[in-house]
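The structure appears right after this line, and notes come after that.
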Amino acid sequence: QVQLVEAGGGLVQAGGSLRLSCAASGGTFNGYPMGWFRQAPAKEREWLASITWSGGITYYAASAKGRWTISRDNAKSAVYLQMNSLKPEDTAVYYCNRIAPDGTYRRAFGSWGQGTQVTVSS
């Protein structure tokens, strides 16, 4: 089973940037699209972005489009999320996961890691 470890979160001022990373180990990373999600307090987990196995196609939620970029390095079994123009409402725990092969590129597949906390101050 794939273990996912997210990192790169922290406290940042509004307008700032962070680069999140996700390292996969112990299972099948190859061949799967990957995605980023977040969960704010008292809210449901929200899909943010997905990337195909080749990295050639990306998908973004409206909240992420134009501000953030998802990328991956298959040689390192890693996925990244470059977040620019951060807003206080982006405060949440951020997670990566494999994306289910259902064609939507929005549904997670597999166990979750511990996530990484992002806090944006105003």
Side-chain angles (χ1 to χ4, degrees):
Q1 187 168 348
V2 174
Q3 285 82 47
L4 302 167
V5 178
E6 299 89 348
L11 174 63
V12 63
Q13 288 188 333
S17 299
L18 285 172
R19 186 182 190 233
L20 306 184
S21 64
C22 167
S25 63
T28 303
F29 174 86
N30 293 347
Y32 281 95
M34 294 292 294
W36 282 96
F37 302 77
R38 70 182 177 187
Q39 188 167 20
K43 292 189 176 181
E44 292 188 354
R45 195 165 295 176
E46 171 191 12
W47 168 76
L48 297 170
S50 299
I51 186 167
T52 56
W53 158 245
S54 69
I57 302 175
T58 56
Y59 304 88
Y60 295 95
S63 57
K65 195 169 186 179
R67 297 192 297 144
W68 300 351
T69 302
I70 187 171
S71 61
R72 67 190 296 162
D73 184 340
N74 291 335
K76 296 181 179 179
S77 296
V79 184
Y80 307 97
L81 186 66
Q82 176 67 43
M83 304 190 298
N84 300 326
S85 303
L86 283 161
K87 305 174 183 178
E89 52 263 44
D90 294 321
T91 295
V93 179
Y94 285 70
Y95 303 85
C96 68
N97 211 332
R98 291 183 295 180
I99 293 295
D102 63 359
T104 68
Y105 286 92
R106 286 161 172 74
R107 191 167 63 89
F109 168 66
S111 300
W112 296 96
Q114 84 289 350
T116 185
Q117 174 71 47
V118 171
T119 303
V120 184
S121 62
S122 57

Task: CH2 on W68 to CG on L18, rounded to 0.5 Å - done: 9.5 Å
Open item on the list: If I take atom CZ from residue R45 and atom CZ from residue R38, how far apart are they, to the nearest 0.5 angstrom?
Closed with: 13.0 Å
So, using side-chain contact (heavy atoms from CB on, under 4.5 Å) as the criterion, who are the partners of [X] when residues are at least two apart?
X	answer
R72	F29, M34, I51, W53, N74, V79
Q114	V5, E6
V120	V12, A14, L86, P88, D90, T91, V118

Minimum heavy-atom separation for [X] to [Y], with atom names?
X	Y	result
Y60	I70	OH-N, 2.9 Å
E46	S63	OE2-OG, 3.2 Å
L81	A49	CD1-CB, 4.5 Å
P33	Y105	CB-CE2, 3.8 Å
I99	G35	CG1-N, 3.5 Å
L4	A24	CD2-CB, 3.8 Å

Task: Verdict with supporting geometry, Y94 and L48, side-chain contact (heavy atoms from CB on, under 4.5 Å) - done: CA-CA 9 Å; Y94 285 70; L48 297 170; 3.5 Å; yes
TODO: Please tell me if the side chains of Y80 and D73 come closer than 4.5 Å, counting only heavy atoms from C-beta onward.
DONE: yes
Task: Close side-chain approach of C22 to W36, heavy-atom, < 4.5 Å - done: yes
Open item on the list: Other members of the hydrophobic cluster containing Y32, with the 4.5 Å side-chain heavy-atom rule, please.
Closed with: F109
TODO: Would you please classify the geometry between the F37 ring and the W112 ring as parallel, tilted or perpendicular, with 30° and 60° separating the classes?
DONE: perpendicular
Open item on the list: Could you work out, with side chain to side chain donor-acceptor pair (under 3.5 Å) as the rule, every residue matching S17, not counting sequence neighbours?
Closed with: N84
Task: Contacts of type salt bridge (charged side-chain N to carboxylate O under 4.0 Å, His left out), residue R98, not counting sequence neighbours - done: none
